[in-house]
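Step one of this worksheet: look at the structure below.
Order of the sequence lines sets the chain letters (A, B, ...), proteins ahead of strands, with each chain counted from 1. Predicted model only: the values in this text are computed from it and were never measured.
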Amino acid sequence: MCAYRNTCLIASATAALLTASAAFAAGEVNVYTNREPGQYSATLDEFTKATGIKVNAIFSEQGLAERIAAEGDRSPADVLITVDIGRLQQALDLGVAAPTRSEIVASAVPVNLRDPEGRWTALSMRARTIYVSKDRVSETALTYEDLADPKWKGKVCTRSFQHQYNIGLTAAMIVKKGEEKTKAWLEGVKANLAKKPSGGDRDVAKDIAAGICDVGLGNSYYVGLMANGKNEDQKKWAAAIRPVLPTFDDGGTHVNVSGAVVTKNAPNRDNAIRLIEYMVSPDAQHVFADVNYEYPVRREVAVNAFVASFGPLKPDAMSLADVAKARKRASELVDEVGFDR
Amino acid sequence: MRRRIGFSPPWILLAPSLGAVAIAAPLLSLVLAAILGGSDALARLATSVLPVALRETAILLSGVAALTVAIGSGAAWLLTAYRFPGSRTLTWLLPLPLAVPTYVTALVYVEILDAAGPVRSALRASFGRDVADLWFPEIRSLPACIVLFAFVLYPYVFVAARSAFMTGDSSILAAARTLGSRPLRLFLGVALPLARPAIAVGTTLVLLESLNDVGASEYLGVRTLTVSAYTAWLNRGDMQGAAQIACIALVVVALLLVLEELQRGTRRYHGSANATARSEPVLLARWQGATAFVLCSIPLLVGFVVPAAFLAREVIRRDLLQSAGPLLLEQLGTTMLLSFAATAVVIAWAASIVLAARIRATPFARRLSFVASLGYAVPGTILVLGLFAPLIGVDNLLGRAWALVSGGQPQLVLMASGAALVIAYVIRFLRVAIVTLSAQLAQTPPEIDQVARVLGARPIALARYVQLPLLRPALGGAALLVFVDCLKELPATLLLRPLNVETLATQVYSASSRGVFEDGALAALVIVLAGIGPIAWLTRAMRQGAPDATRPAPPDQAAF
């Protein structure tokens with residue numbers, strides 16, 4: 001009980017103001033992202049609205065982990081968001097990731113999609129699918145090995161096999177079947193190519209729509225983005241293809257993850273953990289599912305209906321960490337086979 | 001007669017030495033990484049990656065060199081020696097492809113000419129698959145890449161050749177004419193060889209730019225050394241392998257630069273100091289003029305008009321002014337600021353390096369100048385990777401010093417303020433200014449320096465009152481080339497920019513990463529438009545720099 005009522009009022013008012021200003025000056029979090037921020041800027045805006053923490057970002061497809069490593073203990077980076085398992089592994093190899101303990105993350109994300117030591121967590125998943133022509137191809141189930149089958153000669157399109165998404169697939173093939181069989185598979189696919197590998201995954205859809213090839217490799221989320229975007233041309237391409245969730249001969253579908261790492265010398269470490277916790281929260285996971293057409297990592301968040309129409313996703317059981325380690329050999333094999341030439 | 005070195009005190013070499021150190025640091029860091037990679041990694045590269053990379057690089061460079069010299073010097077000669085309707089306009093317009101980044105031109109032409117693009121689809125509909133797919137040249141190929149680079153990069157040779165043709169001594173040409181030289185022989189046998197140092201400088205810039213290009217080459221499926229290094233790093237995380245390939249690329253570059261030095265030899269390319277009136281351009285007959293006009297407009301159409309028109313069309317089609325407009329102003333401001341700052345530093349530094357090499361003309365000074373130019377030779381991404389260690393090391397020291405003085409927390413000052421980015425630009429583009437200024441100086445006869453010295457000028461006065469005014473047209477030209485290069489720069493900007501900072505080029509990159517490069521069309525168009533102004537000014541400055549027939553001839557030296 002306060003003896004002097006007025007003083008108490010002033011004291012509590014001041015306390016309230018201080019807390020409010022502290023919340024206002026909740027600070028900022030610096031994000032280095034391999035993923036184009038426009039793709040998840042809505043999530044970041046919501047985060048700022050919810051917590052008052054300002055997000056500063058810088059985007060580059062590569063080089064950011066090296067920059068953090070070079071910046072050392074003065075680095076302003078708090079969070080590194082990567083777009084595939086390879087970059088995640090690179091960040092670990094360079095020693096820029098700090099182990100963090102977060103109950104929220106541990107309960108939201110399945111154990112195979114985060115680091116047991118707490119150094120990284122996946123934020124969303126994407127499957128490497130096979131786009132097939134709606135008109136010309138009737139198969140509804142394909143395996144990755146099928147792409148090397150001579151019956152598809154002259155009918156396969158893909159982006160450069162040195163691109164990280166295809167390297168991930170090749171690395172997964174190495175983990176699954178070993179180098180010999182992977183090399184044979186690469187040579188088989190190369191023999192089936194309709195044209196020299198070029199462009200991106202959307203261009204594969206474009207080429208299938210134009211009749212240049214019948215099947216091609218592409219990530220799952222592009223279909224949703226093309227079909228529901230504002231670009232009329234891309235809508236036509238999406239309408240001409242049907243995505244198939246392929247599997248390995250004796251396994252599941254190859255998936256890759258977009259993940260986040262808290263950096264070792266983060267100046268705003270708490271804000272960084274809050275950002276990651278926000279990104280695995282149901283709100284943000286819904287955005288990943290419904291706006292980006294990806295597979296959410298949070299168990300209870302459902303995939304978008306459009307994505308669900310591709311069929312149920314059965315991710316292959318192999319460890320993503322093993323896939324990451326096989327990437328270097330995968331890239332060398334692609335060069336040895338001369339795939340892109 | 002030996003020059004008195006005592007007249008040129010050693011402190012003159014301060015600027016060149018700093019330049020050489022600034023370049024040497026990232027290069028050494030690169031070489032170190034290469035050595036750390038080990039020899040079996042190199043052996044593996046030698047069997048799988050290097051043969052293809054070396055072959056494609058060699059073909060690309062020779063093709064681009066041949067085509068740019070043909071286009072650049074041919075157009076420059078037609079526009080200098082002859083007059084025809086439209087020639088004056090074309091002179092202003094021909095350097096414009098410099099304003100368009102190579103990666104943007106590649107993106108545009110792939111959109112237009114690729115298998116699923118409008119041209120081939122129309123051909124397929126009208127004439128069937130044979131014409132559209134078998135006979136039509138593939139845009140994503142080495143030959144197409146050579147042609148694309150040639151039509152985008154010819155302005156370097158055009159500007160250099162035109163400047164040489166205009167400031168060269170016309171009495172030699174007049175003498176050749178009186179001896180009965182026919183026009184083609186005059187061009188090939190007299191004018192071209194006389195302009196050789198300038199053309200060689202321009203061609204070397206073109207070749208270095210082609211060698212270092214990653215965006216367009218990778219997009220078109222060409223595996224040059226640089227693309228291979230970039231891919232090694234990007235896809236294998238193999239920094240050391242990338243460094244090894246980059247070092248091999250550096251060897252190729254060194255060969256190019258040595259070739260350029262050698263071909264200059266000991267010949268003198270300046271005319272007499274008693275330069276009198278220019279020769280009047282020859283007026284062409286009607287159909288000859290028309291042919292010349294068409295020939296000269298082709299490079300302009302391919303290199304500038306088509307890409308710019310495509311970008312403009314996309315901006316209108318997607319209503320980009322509405323959606324991207326406001327953010328764009330901020331990016332434009334940032335881009336301009338960075339480019340201005342870098343250009344100012346580059347010009348001041350390059351001028352001091354070049355003048356120092358001229359005043360204190362020892363081999364050591366020339367070698368310092370050579371090392372300072374190497375920054376351009378290293379591919380942007382690789383240079384920045386090499387820069388991380390030394391630059392951030394210096395930044396750390398600065399930050400700690402600042403913290404000691406001010407008592408605050410040590411910070412990465414250079415990185416956070418963007419100064420690191422300006423430093424990277426300066427290191428990359430120093431060469432452009434150095435060679436432009438040296439080429440101009442090479443055409444200035446040394447007698448002028450000697451006269452000034454006889455009249456008592458010390459080094460600073462010599463530089464300020466004699467050499468700098470003579471350098472002025474080249475200073476403007478160099479400033480503009482560097483400015484436009486900074487506007488378009490991408491790899492260093494991506495990796496070294498502070499948080500939340502975007503330039504026009506990174507905006508185009510972001511859009512392209514999302515797979516919708518057309519969304520970046522507005523930013524790309526602004527880059528092009530921002531570059532047009534400086535280039536037009538450059539052309540105008542070049543015309544005013546050269547005395548023309550209507551002005552009174554300068555007083556004869558012999559009159560003194």
Assess the side chains of [X] and [Y]: does a donor N or O sit below 3.5 Å from an acceptor N or O?
X: A:Gln89; Y: A:Asp93; answer: yes
X: A:Ser124; Y: A:Tyr221; answer: no
X: A:Tyr32; Y: A:Glu71; answer: yes

Shorter than 4.5 Å, heavy atoms on both sides: which option in [options] has the most such pairs with chain A?
options: B:Leu496, B:Asp519, B:Thr47; value: B:Leu496
options: B:Arg223, B:Glu502, B:Arg318, B:Arg497; value: B:Arg497
options: B:Asp395, B:Leu45, B:Asn396, B:Val384; value: B:Asn396

* To do: Looking only at non-hydrogen atoms, find the nearest pair between B:Gly221 and A:Lys196 and report the distance.
  => O-NZ, 3.3 Å
Need one label for [X]: side chain, backbone, both or neither, based on atoms under 4.5 Å from any heavy atom in chain A.
X: B:Val52; value: side chain
X: B:Asp114; value: side chain
X: B:Pro491; value: neither

Any Lys/Arg nitrogen of [X] or [Y] sitting under 4.0 Å from an Asp/Glu carboxylate oxygen of the other?
X: A:Arg126; Y: A:Asp201; value: no
X: B:Arg120; Y: B:Glu138; value: yes
X: A:Glu294; Y: A:Arg35; value: yes

Which one, [options], leads in non-hydrogen pairs under 4.5 Å with chain B?
options: A:Lys328, A:Glu61, A:Lys206, A:Arg329; answer: A:Glu61
options: A:Ser75, A:Ala330, A:Ala210, A:Ala70; answer: A:Ala70
options: A:Gln164, A:Arg327, A:Glu336; answer: A:Arg327

* **chain B contact via A:Gln90 - which portion, at a heavy-atom distance below 4.5 Å** => side chain
* **Region of A:Val334 that comes under 4.5 Å of a non-hydrogen atom in chain B** => neither
